[in-house]
Amino acid sequence: MKSYSEWKAQSETLNLHGQAYINGGFQSAVSGETFPSINPATEQLLVDVASCDEADVNLAVESARQVFRSGVWSEMHPRQRKQIMQKWADLIEQHKDEFALLDTMDMGKSISEMVNIDVPDAIDCIRWTAESIDKVYGEIAPTGEDTLALISHEPVGVVGAITPWNYPLLMVSWKIAPALAAGNSVVLKPSEKSPLSALRLAELATEAGIPDGVLNVLPGFGHTAGKALALHMDVNVLAFTGSTKVAGMLMGYAGESNMKRVWLEAGGKSPNLVFADCADIKSAAAGAASAIFANQGEVCIACSRLYVEKSIKDEFIAELIEAAGRFQPGDPLNPQTTMGPMVDGVQLATVERYIRSAQEEGGNVVMGGLPEYKEGEGFYAKPTIVTDAHNGMTFVKEEIFGPVLAVCEFETEEEAIALANDSQYGLGAAVWTSNLSRAHRVSRKIESGMVWVNTWGEGDSTVPFGGVKASGNGRDKSLHALEKYTDVKNVLIRL
Ligand code: NAD
């Protein structure tokens, strides 16, 4: 990997594009309005970004619809679509350091996470999905001898995608790779806090041969561009990743407009259950620390609720504090940095508010604590561990989306399961035990879309990602993602 000084030097020469990308080219917002993109580590302006609204959404959706109807992408031979998307992935790989820098500078994530996780995973997602598209078959239904019923999967048309800022490039890739591979046109609204990598992605899509209008990127705010996209009468499917609050609003917009299908990947408050029979307390503690402090805790699957069996609690907390020491806030451009700043001052204030609330409700801060913000020096929080927590406390119930861990205890397996499920969310969960039967029993009973046993957060393009309850409905990644972006058609022929 490059050195700190090399990353810094490259960051200063980066060519940043803030205009909207519509119909194969950059353009200003129709209104001419812009908003500043700020580097959260320096609080300096990166670039002014087009502030798109309804007028831009109308343009982009019209261009997406026209190209969809033309068939140049939607009816292209799947093998050819695959080849173009593979070329796109190759181009992203050729510019991988640039992508790493874009997200690091735009939202504060450490450059080492970008290099080791976000960029390779985004490339893999595009390659894997593209590779799958000429291997998905339709069905013939068993309707009897005198009819033939053909069940096929067709692209839906225009997909609207709305994404968050915590994994900008990766979350965008999880949405647009399957949507495009299936033959759809896409209008993407990335988060206003991190639009830059998505814009570069669209530029490279054109270079790879994806026809103009197939992928449009509209930077802008949720209540303007996002809402207009969600209300648009000519968008067939809305694919969203973000908070549970906005997810609910999108369902309302769909009902108010054209009943577009809405796929939601929403918030989380994932539990981490550590049993006394876990194989190794040290590695369980290291896993628990990564599960809350990776990416500054700005992770939807962050295990922010830790439940430890009472008999090992004191030993476990000591190991946890030691393991958490690995996460030290610092300049995200330094490859040694394990924790960057929070995305902005709003998120930092949220972290501060929840730490205060934890203290007021009887929590014991054993590591970290309130942020010490200095104006102009970045929005840094401290990795914070609060013991003596229980499910009745506000900071244990609500998603913080920051590096704040609640440590609670349990005595029996039944109690651990009940505490884990006592949440409106159901995204991920981790279980640490060396008892195979317990691992299966607990995994079955936990109400979540994903369970990790003796690990946390691991994934692969082959496995689906998503939640239940207030954490959403759809699944990103794997062949299941394609289901979101296709309609099932039945053609029945009397023979
Ligand atoms: P957010 O809901 O505030 O914003 C997400 C996106 O929605 C942004 O692009 C925003 O501009 C847009 N938006 C906001 N208001 C809108 C409106 N009225 N109409 C249309 N669009 C609107 O979420 P965030 O702060 O960007 O991201 C953090 C949240 O995302 C957390 O809750 C986190 O758990 C969740 N998340 C979930 C997953 C998952 O896979 N389940 C993954 C990553 C993040």
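Numbering of ligands and ligand atoms starts at 1, following listing order.
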Check: Counting only non-hydrogen atoms of the protein, does one fall under 4.0 Å from atom 4 (O) of ligand 1?
Finding: no
Checklist line | Trp174 heavy atom under 4.0 Å from ligand 1 | finding: no
Next item on the list: Write out the residue and atom name of the closest protein heavy atom to atom 40 (O) of ligand 1, then the distance separating them to 0.1 Å.
Entry: Phe465 CE2, 3.2 Å
Item checked: Parallel, tilted or perpendicular: rings of Phe26 and His17 (30°, 60°) -> parallel
Note to self: Applying a heavy-atom cut-off of 4.0 Å, say which part of Phe401 lies close to ligand 1: side chain, backbone, both or neither.
What the structure shows: side chain
Check: Would you find a donor on one side and an acceptor on the other, under 3.5 Å apart, between the side chain of Glu265 and the backbone of Thr241?
Finding: no
Next item on the list: Enumerate the atoms of ligand 1 whose separation from the nearest heavy atom of Glu192 is less than 4.0 angstrom.
Entry: 10 (C), 11 (O)
Next item on the list: State, without any angle test, whether Asn272 and Trp432 hold a side-chain donor-acceptor pair at a distance under 3.5 Å.
Entry: yes
Item checked: ligand 1 versus Ile301: contacting region, heavy-atom distance under 4.0 Å -> neither
Item checked: Salt bridge present between Glu54 and Lys227 (N-O < 4.0 angstrom) -> no
Item checked: For ligand 1, the portion of Leu250 having any non-hydrogen atom under 4.0 Å away -> side chain
Note to self: Does Met251, at its CE atom, have more than 12 non-hydrogen atoms belonging to other residues, nucleotides or ligands within less than 6.0 Å?
What the structure shows: no
Check: Quick one: are Lys269 and Lys397 in side-chain contact, heavy atoms under 4.5 Å?
Finding: no
Notebook entry, point to check: What atoms of ligand 1 come within less than 4.0 Å of a heavy atom belonging to Thr163?
Noted result: 6 (C), 8 (C), 9 (O)
Check: Any non-hydrogen atom of Tyr253 lying under 4.0 Å from ligand 1?
Finding: yes
Notebook entry, point to check: Which residue from Ala161, Gly242, Gly467, Gly449 reaches closest to atom 30 (O) of ligand 1 through any of its heavy atoms?
Noted result: Gly242
Check: Where's the contact between Glu298 and ligand 1, heavy-atom distance under 4.0 Å: side chain, backbone, both or neither?
Finding: neither
Notebook entry, point to check: Nearest heavy atom to atom 20 (C) of ligand 1: which of Ala470, Gly428, Gly226, Ala228 does it belong to?
Noted result: Gly226
Checklist line | Check: Val468 main-chain N/O paired with Glu447 side-chain donor or acceptor under 3.5 Å | finding: no
Margin query: Closer than 4.0 Å to some heavy atom of Leu427 - which atoms of ligand 1 meet that?
Written below: 41 (N)
Checklist line | Nearest neighbour in protein (non-hydrogen) for atom 27 (O) of ligand 1 | finding: Pro164 CB, 3.4 Å
Check: With side chains defined as the heavy atoms from C-beta onward, is the minimum distance between Val453 and Ser443 less than 4.5 Å?
Finding: yes
Check: For ligand 1, which atoms, with element, lie under 4.0 Å from some heavy atom of Met249?
Finding: 18 (N)
Check: If you count the atoms of ligand 1 from 1 in the order shown, which ones are under 4.0 Å from a heavy atom of Trp165?
Finding: 24 (P), 25 (O), 26 (O), 27 (O)
Margin query: Does either side chain, that of Tyr21 or that of Glu203, offer a donor lying less than 3.5 Å from an acceptor on the other one?
Written below: no
Margin query: Among all protein heavy atoms in this structure, tell me which lies nearest to atom 23 (O) of ligand 1, with the distance rounded to 0.1 Å.
Written below: Ser243 N, 3.4 Å
Checklist line | Any side-chain donor near an acceptor of the partner, Asn258 and His232, under 3.5 Å | finding: no
Notebook entry, point to check: Between Glu265 and ligand 1, which part of the residue brings a heavy atom under 4.0 Å of the ligand: side chain, backbone, both or neither?
Noted result: both
Check: Is there a donor-acceptor contact under 3.5 Å from the side chain of Arg475 to the main chain of Gly449?
Finding: no
Item checked: Per-atom contacts of ligand 1 with Phe240, taking only distances under 4.0 Å to non-hydrogen atoms -> 2 (O), 5 (C), 6 (C), 7 (O)
Check: Are Ser37 and Asp106 close enough that a side-chain donor and a side-chain acceptor fall under 3.5 Å?
Finding: yes
Notebook entry, point to check: Short question: side chain of Lys96, backbone of Val115 - any donor-acceptor pair under 3.5 Å?
Noted result: no
Item checked: Heavy-atom proximity to atom 22 (C) of ligand 1, best of Gly222, Pro168, Pro195 -> Gly222
Notebook entry, point to check: Distance only, no hydrogens: is a donor on one side chain within 3.5 Å (strictly under) of an acceptor on the other, for Arg200 and Asn15?
Noted result: no
Notebook entry, point to check: Between Lys484 and Asn473, is a side-chain contact (heavy atoms from CB on, under 4.5 Å) present by the stated rule, with each step listed?
Noted result: CA-CA 10 Å; Lys484 301 201 296 195; Asn473 51 19; over 6 Å; no
Check: Quick one: does Leu229 get a heavy atom under 4.0 Å from ligand 1?
Finding: no
Note to self: Just to confirm my output: which protein heavy-atom neighbour is closest to atom 12 (C) of ligand 1, and how far is it?
What the structure shows: Ile162 CG2, 3.6 Å
Check: Quick one: which ligand 1 atoms are inside 4.0 Å of a heavy atom on Asn166?
Finding: 43 (C), 44 (C)
Notebook entry, point to check: What part of Glu399, side chain from CB on, backbone N/CA/C/O, both or neither, has a heavy atom under 4.0 Å from ligand 1?
Noted result: side chain
Notebook entry, point to check: For ligand 1, does Ala230 get within less than 4.0 Å through its side chain, its backbone, both, or neither, judged by non-hydrogen atoms?
Noted result: neither
Note to self: Heavy atoms only, cut-off 4.0 Å: how does Lys193 contact ligand 1, side chain, backbone, both, or neither?
What the structure shows: neither
Notebook entry, point to check: Any donor and acceptor pair, going by atom type alone, linking the side chain of Lys469 with main-chain N or O of Asn421 inside 3.5 Å?
Noted result: yes
Margin query: Heavy atom to atom 41 (N) of ligand 1, shortest distance: which of Cys300, Gly267, Ala266 holds it?
Written below: Ala266
